[in-house]
Enquirer: 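Structure in structure tokens, see below.
In what follows, every chain begins at residue 1, and chains take the letters A, B, ... in the order their sequences are listed. Because the structure is a prediction, the values reported are computed rather than measured.
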2 protein chains.
Amino acid sequence: MVTIYDIAEKANVSAMTVSKVINNTGRISEQTRKRVKKVMEELNYIPNSNARSLVLQQTQILSLLITDITNPFYTSLARGAEDSAKKLGYRLLFGNSDEDYDKEQDYVDMILSTRVDGVLFAPAGDHSLKHLEKLRAHNIPFVIMDRAVPGIESDIVSGDSMQGARNLVDYLISLGHRRIALVNGSLDVSTARLRYQGYAEALQLHGIALDDRLVIHKSYREYKDEDQLPHLLEQPSPPTAIFAANNFLAVGVINALRQRGIRVPEDMSVVCFDDLDLSSALDPFLTVAAQPAYQFGAMGIQLLVERIQGSAVPEARKIILPSELIIRSSAKTIGK
Amino acid sequence: MVTIYDIAEKANVSAMTVSKVINNTGRISEQTRKRVKKVMEELNYIPNSNARSLVLQQTQILSLLITDITNPFYTSLARGAEDSAKKLGYRLLFGNSDEDYDKEQDYVDMILSTRVDGVLFAPAGDHSLKHLEKLRAHNIPFVIMDRAVPGIESDIVSGDSMQGARNLVDYLISLGHRRIALVNGSLDVSTARLRYQGYAEALQLHGIALDDRLVIHKSYREYKDEDQLPHLLEQPSPPTAIFAANNFLAVGVINALRQRGIRVPEDMSVVCFDDLDLSSALDPFLTVAAQPAYQFGAMGIQLLVERIQGSAVPEARKIILPSELIIRSSAKTIGK
DNA sequence: AGTAATAGGGTTATCGATAACCCTAATTTA
DNA sequence: TAAATTAGGGTTATCGATAACCCTATTACT
């Protein structure tokens with residue numbers, strides 16, 4: 001690999017001069033500047049960012065840690081993050097935690113040893129706390145995405161889970177449903193708690209008693225049918241509608257329903273959080289509370305870079321992006 | 001940040017000894033090894049990989065360059081790549097070219113300056129040649145994904161586009177279709193050429209004349225309706241079936257058809273390359289030639305790491321993964 | 001007992017780039 | 001014209017880690 005020393009030698013200057021030309025610092029005559037640049041091109045010089053990072057104590061690398069790249073929500077988020085990062089001159093190191101705390105831990109160590117300038121962090125859940133504390137202990141700026149973690153004050157970009165949940169449940173109620181089930185993520189995750197809360201509030205406001213037999217808290221990432229539908233359907237008074245706390249769960253629920261010969265929405269209404277992108281484009285079926293996932297990523301990187309560059313206010317900034325209720329056809333008036 | 005020198009001082013040894021403990025090299029007594037390790041934990045030491053990379057001349061970073069993370073095909077590919085990379089102890093630097101040669105160029109420079117150990121490269125198209133040549137000139141190993149680039153011999157993992165296309169068109173013909181349109185990507189891209197070829201061969205084998213008015217070559221990434229459907233539909237003898245060369249185009253085509261009040265599959269059959277994952281899980285509608293995208297990524301990283309570590313045969317390895325025809329309901333017997 | 005071998009660990013140079021400071025000739029200024 | 005600037009560029013140390021080699025007690029061997 002060619003280094004600034006190679007350039008220096010061929011251009012008959014010192015390495016420092018080359019460095020100055022590269023960074024446009026110091027006083028260099030137009031003449032030598034051109035000569036040096038020409039040699040750089042001739043030799044196909046590419047600066048070694050490792051060396052640079054070592055002395056500058058900054059890498060121009062940000063880390064994006066999410067829980068599942070195959071979920072369209074995070075896919076779009078990643079897209080937004082990537083676009084922003086590129087614009088701002090940062091590279092992106094990528095990690096997928098699968099909502100698994102051990103994997104998340106591995107990535108945190110990787111992040112620390114890479115000396116990234118900052119992290120866009122979508123936590124697996126509440127126990128991500130110690131990972132975030134570790135980052136903080138090492139002075140790595142981060143912005144939390146999507147899920148708040150109790151015990152950590154930091155910049156965060158999240159959706160309005162309560163409002164979204166309330167809107168969905170309000171909508172179901174407006175269609176005449178009274179027995180509404182919630183298939184939720186784990187209560188370890190802030191958004192699951194808030195969606196539950198929004199669900200409960202909506203019911204309460206309409207004078208419907210909360211029935212805990214209609215609520216299941218499991219994982220956002222895997223839908224295991226034996227843990228879910230049977231509990232709901234084999235009840236004296238089964239639900240007429242199901243609110244799935246995210247897109248994955250909705251797909252799982254709908255498939256499981258269909259396998260039992262239960263039609264959606266004729267026999268059972270289903271709504272959920274997060275949209276399905278391509279799927280919805282092909283077949284506008286699922287009624288959802290859609291979140292602006294791309295914005296999550298784009299804004300997250302912006303906040304992060306402001307934080308890194310010190311141009312942010314010292315206080316933690318909390319951005320809450322509203323979700324949009326998109327009414328399609330997976331829910332319908334009860335009994336019709 | 002704490003360095004090996006801090007450790008060394010506190011443990012009363014030299015920095016070299018610390019390094020030896022970290023890397024399990026050299027001769028260190030069990031006693032000092034323990035002492036050093038204890039100090040490392042106490043001080044929360046994390047090695048600086050920049051410094052390490054600089055002297056070792058290797059970064060343990062691989063680059064993943066794809067054309068669109070929002071396409072489920074690349075999403076799954078990324079997932080496979082990430083899983084493999086993590087298993088093999090590599091970090092992943094992420095880039096999205098959007099099938100844009102300039103963006104691709106930027107990423108190549110970024111890759112070079114990062115001194116990644118290797119690149120998993122999904123080229124935008126034939127003009128990616130110069131980018132690949134640049135990588136080669138700088139001795140960065142790479143494995144090409146999905147699309148061959150004429151002029152470059154290298155390891156490659158791709159699908160069998162001809163076979164897949166032939167299967168799809170065969171299937172349409174078996175349903176009685178004779179007027180079959182092809183909505184293709186740009187002929188700049190090898191897979192588009194091969195899908196075209198497979199399409200043509202299938203027609204020929206069944207004695208159907210190729211009608212170029214039924215073939216449109218545009219972009220895999222954007223479906224602009226005015227460039228597409230009108231040409232096909234406003235013909236003396238319009239097609240009864242459309243073969244879309246990838247999932248995005250299929251979604252575009254189907255939406256455009258529906259907007260015109262043309263039903264799929266009743267009035268027009270549609271099939272395509274690549275599956276839609278979540279979408280297909282929710283609604284098994286689209287008949288597709290599905291590619292094992294996760295395998296693309298996982299195998300790609302494997303080949304790449306073998307290449308980096310010198311355990312690969314010197315010859316370029318070409319892995320061709322078959323696609324699977326999944327018959328669902330977006331195509332049906334003509335006229336029924 | 002005297003030498004060779006080994007265990008255990010330290011010294012120094014190096015990877016590629018930059019910061020901080022220094023130097024000299026040419027130009028300006030009083 | 002002498003002193004002070006300034007333009008243009010060079011020297012040296014440094015970032016954190018490792019390779020290659022060196023050193024000194026022990027221990028083993030003949």
Side-chain angles (χ1 to χ4, degrees), chain A residues 1-37 39-40 43-61 109-117 138-140, chain B residues 1-37 39-40 43-61 109-117 138-140:
Chain A
M1 278 285 175
V2 347
T3 71
I4 53 171
Y5 298 96
D6 302 324
I7 309 291
E9 194 178 338
K10 191 153 183 196
N12 251 312
V13 292
S14 77
M16 199 57 231
T17 302
V18 178
S19 173
K20 284 173 181 160
V21 168
I22 293 171
N23 297 293
N24 254 307
T25 55
R27 287 193 277 253
I28 306 292
S29 74
E30 205 43 45
Q31 203 184 3
T32 41
R33 180 182 305 280
K34 272 189 184 157
R35 183 153 41 95
V36 169
K37 283 202 167 171
V39 175
M40 291 194 338
L43 297 189
N44 253 305
Y45 170 74
I46 308 251
N48 182 326
S49 22
N50 288 113
R52 213 149 183 281
S53 299
L54 193 56
V55 47
L56 293 182
Q57 303 280 52
Q58 63 169 46
T59 52
Q60 294 295 112
I61 296 182
D109 288 340
M110 177 181 278
I111 282 166
L112 287 170
S113 90
T114 307
R115 301 293 195 266
V116 302
D117 293 344
H138 286 272
N139 259 314
I140 312 284
Chain B
M1 277 286 173
V2 349
T3 72
I4 52 170
Y5 298 97
D6 302 324
I7 309 290
E9 195 178 338
K10 192 153 182 198
N12 251 310
V13 293
S14 76
M16 199 57 231
T17 301
V18 177
S19 173
K20 283 173 183 163
V21 168
I22 294 171
N23 297 292
N24 253 306
T25 56
R27 284 193 279 252
I28 307 291
S29 73
E30 204 43 44
Q31 204 186 2
T32 41
R33 180 183 304 281
K34 273 188 184 157
R35 183 154 40 96
V36 169
K37 284 201 167 173
V39 175
M40 292 193 339
L43 297 189
N44 253 307
Y45 169 74
I46 308 251
N48 182 325
S49 22
N50 287 114
R52 213 151 182 281
S53 299
L54 192 55
V55 47
L56 292 183
Q57 304 280 48
Q58 64 169 49
T59 52
Q60 295 294 114
I61 295 181
D109 288 340
M110 176 180 280
I111 282 166
L112 287 170
S113 90
T114 307
R115 302 292 196 266
V116 302
D117 294 343
H138 285 272
N139 257 315
I140 312 284

Enquirer: If we only count heavy atoms from C-beta on, is the R35(B) to N12(B) side-chain gap below 4.5 Å?
Expert: yes
Enquirer: Which whole-number value in Å describes the distance from N23(B) CG to dG9(C) C1'?
Expert: 16 Å
Enquirer: From C-beta outward on L56(A), which listed nucleotide comes closest to its side chain: dA17(D), dT18(C), dT11(D)?
Expert: dT18(C)
Enquirer: Between dG16(C), dG8(C), dA20(C), spot the one nearest the side chain of T3(A), thanks.
Expert: dG16(C)
Enquirer: Nearest whole angstrom, please: distance from the P of dG16(D) to the CD1 of I22(B).
Expert: 13 Å
Enquirer: Please give, in whole Å, the distance from dA20(C) P to R27(A) CZ?
Expert: 16 Å
Enquirer: From CG of D6(B) over to P of dC15(D), roughly how many Å is that when rounded to an integer?
Expert: 11 Å
Enquirer: Which nucleotide, dA19(C), dG9(C), dG16(D), lies nearest any side-chain atom of N48(B)?
Expert: dG16(D)
Enquirer: Strictly distance-based, threshold 3.5 Å: is any side-chain N or O of T3(B) a donor or acceptor partner for the main-chain N or O of Y5(B)?
Expert: yes
Enquirer: Can you measure Q31(A) atom CD to dG8(D) atom P for me and round it to whole angstrom units?
Expert: 10 Å
Enquirer: Quick one: is S19(A) getting a side-chain N or O under 4.0 Å of the dA19(C) phosphate, OP1 or OP2?
Expert: no
Enquirer: Measure the distance from CD on E9(A) to P on dG9(D) and round it to the nearest whole Å.
Expert: 18 Å
Enquirer: Using a cut-off of 4.0 Å on non-hydrogen atoms, how would the nucleic acid contact of I28(B) be classed: base, sugar-phosphate, or nothing?
Expert: sugar-phosphate
Enquirer: Name the nucleic acid region contacted by S53(B), choosing base, sugar-phosphate or nothing; use a 4.0 angstrom heavy-atom cut-off, strictly under.
Expert: nothing
Enquirer: Would you say T17(B) reaches dG10(C)'s phosphate, i.e. side-chain N/O to OP1/OP2 under 4.0 Å?
Expert: yes
Enquirer: Using the side-chain heavy atoms of Y45(B), tell me which of these nucleotides is nearest: dA17(D), dT18(D), dT11(D).
Expert: dA17(D)
Enquirer: Look at Q57(B) and dT18(D) and indicate whether a side-chain polar atom (N or O) is within less than 4.0 Å of OP1 or OP2.
Expert: no
Enquirer: State whether Y5(A) places a side-chain N or O below 4.0 Å from either non-bridging phosphate oxygen (OP1 or OP2) of dT14(C).
Expert: no
Enquirer: Report the residue (N12(B) or V2(A)) whose heavy-atom-nearest nucleotide on DNA chain C is the more 5′ of the two.
Expert: N12(B)
Enquirer: Between dA17(C), dG16(D), dA17(D), which nucleotide gets closest to the side-chain atoms of L54(B)?
Expert: dG16(D)
Enquirer: So which atom in D117(B) and which in T59(B) form the shortest heavy-atom distance, rounded to 0.1 Å?
Expert: OD1-N, 2.9 Å
Enquirer: I'd like to know if K20(A) reaches the base of dG8(D) with its side chain, counting only an N/O donor and acceptor under 3.5 Å.
Expert: no
Enquirer: Identify the heavy atoms of S14(B) and A8(B) that sit nearest to each other, and give their distance.
Expert: C-CB, 3.6 Å
Enquirer: I want to confirm an ordering. Mapping V55(A) and E30(A) to their closest nucleotides on DNA chain D, which one lands closer to the 5' end?
Expert: E30(A)
Enquirer: With side chain to side chain contact (heavy atoms under 4.5 Å, CB included) as the criterion, how do R115(B) and L54(B) come out once you've worked through the C-alpha distance, each side chain's angles and the decisive distance to 0.1 Å?
Expert: CA-CA 10 Å; R115(B) 302 292 196 266; L54(B) 192 55; over 6 Å; no
Enquirer: When the distance from CG of N50(A) to C1' of dT18(C) is rounded to whole Å, what number comes out?
Expert: 15 Å
Enquirer: Output the single nucleotide from dA17(C), dG10(C), dG16(C) whose closest atom is nearest the side chain of I4(A).
Expert: dA17(C)
Enquirer: Would you please confirm or rule out a distance under 4.0 Å between OP1 or OP2 of dT11(D) and any side-chain N or O of S14(A)?
Expert: no
Enquirer: If you compare all heavy atoms of I28(A) against all heavy atoms of T25(A), which two are closest, and at what distance to 0.1 Å?
Expert: CG1-O, 4.3 Å
Enquirer: Return the value, rounded to whole Å, for the distance between atom CZ of R52(B) and atom P of dG16(C).
Expert: 17 Å
Enquirer: Just compare dG10(D), dC15(D), dG10(C) and give me whichever is closest to any side-chain atom of V13(A).
Expert: dG10(D)
